[in-house]
Amino acid sequence: MTDRFAQWRAPAHWQAVDCISDLHLQAGEPATFDAWRAWLARPVGERADALLILGDLFEVWVGDDALQGEGPDAAFWRHCAEALRAHAQDTPTFFMAGNRDFLLGPAGLQACGMQALSDPTVLDFAGQRWLLSHGDELCLADTDYQRFRAQVRSAEWQQAFLAQPLAQREATARELRRQSEARKQASGGDPSLWADVDAAAARQWLQAAGAATLIHGHTHRPGGHDLGDGLRREVLSDWDLGAPTPRAQVLRISAQGLQRRPLKTA
Ligand code: MN
């Protein structure tokens, strides 16, 4: 069971690590992109020693060749890659795939200056073991989604999908998002009604990983949960600067523990 969890020991000189997820960057939401790009570009002295992106950085990723396309979407993805690459020149930047951007491949990672993290990963840092995941694999109550996930994460599906022309993949992605939005609306459009991380499965993962705290995103329900026996689950915030109540938050890990830092949006 333990080989299920990638092990990662942080360099000894690191003092702080920042975690973000679920920015869902897309050309149609410039407010989130602008705030994120400004945040990435802040002076090195204000940054943590590393940035960990735990999935759904991009609203959709249909293949790394999307960076070479023509038109406004390709230009937007290139702007994202440029911002990440500039950030990564001074600050190591790590990427764990989410359910929207799991097709970001080696070429895309390189264009963004990012290093891949597998899901889940145990981070040994600041005297503790932290279990990192996007979180979608633990939303067990949504059996339709788990079936879909098993399909699209298979090498066969991915090879067949990536062999299609870019325009066809973009059309498929639009249709999948439309279906997903329709399901969300049907279930009330309220994140608190969507499937959540299964507490028993989260405890099992933590015990198998020898970690006390699971850090994950995906559910858009930021907050901390006591799982008993000293185990905890900390949920990252999604980012939406265009919402009526704009939200964006960074979770910092350091020797002092965890700190939720709201983005200064002013
Ligand atoms: Mn997600």
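First listed ligand is number 1; within each ligand, the first listed atom is number 1. Throughout, numbering of the chain's residues begins at 1 and tracks the sequence. As the structure is a prediction and not an experimental result, all values here were calculated from the model.
With a cut-off of 2.8 Å, the protein N/O/S atoms near the Mn ion (ligand 1) add up to 4.
Panel note: side chain Arg37, backbone Ala83; no donor-acceptor pair is recorded below 3.5 Å.
Listed by first then second residue, pairs satisfying side chain to side chain donor-acceptor pair (under 3.5 Å) with a partner in residues 103-120 read Asp119-Ser133, not counting sequence neighbours.
Between the OG1 atom in Thr219 and the NE2 atom in His134 there is a gap of 9.0 Å [rounded to 0.5 Å].
Note on ring orientation: taking the six-membered ring where Trp is involved, the planes of Trp39 and His87 are parallel (angle under 30°, cut-offs 30° and 60°).
In this structure, a donor-acceptor pair under 3.5 Å is absent between the side chains of Thr213 and Arg232.
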Review point. Would Leu162 and Arg169 count as a side chain to side chain contact (heavy atoms under 4.5 Å, CB included) if you check the C-alpha gap in whole Å, the side-chain angles of each, and the deciding distance to 0.1 Å?
Key: CA-CA 8 Å; Leu162 290 172; Arg169 279 176 274 144; 4.1 Å; yes
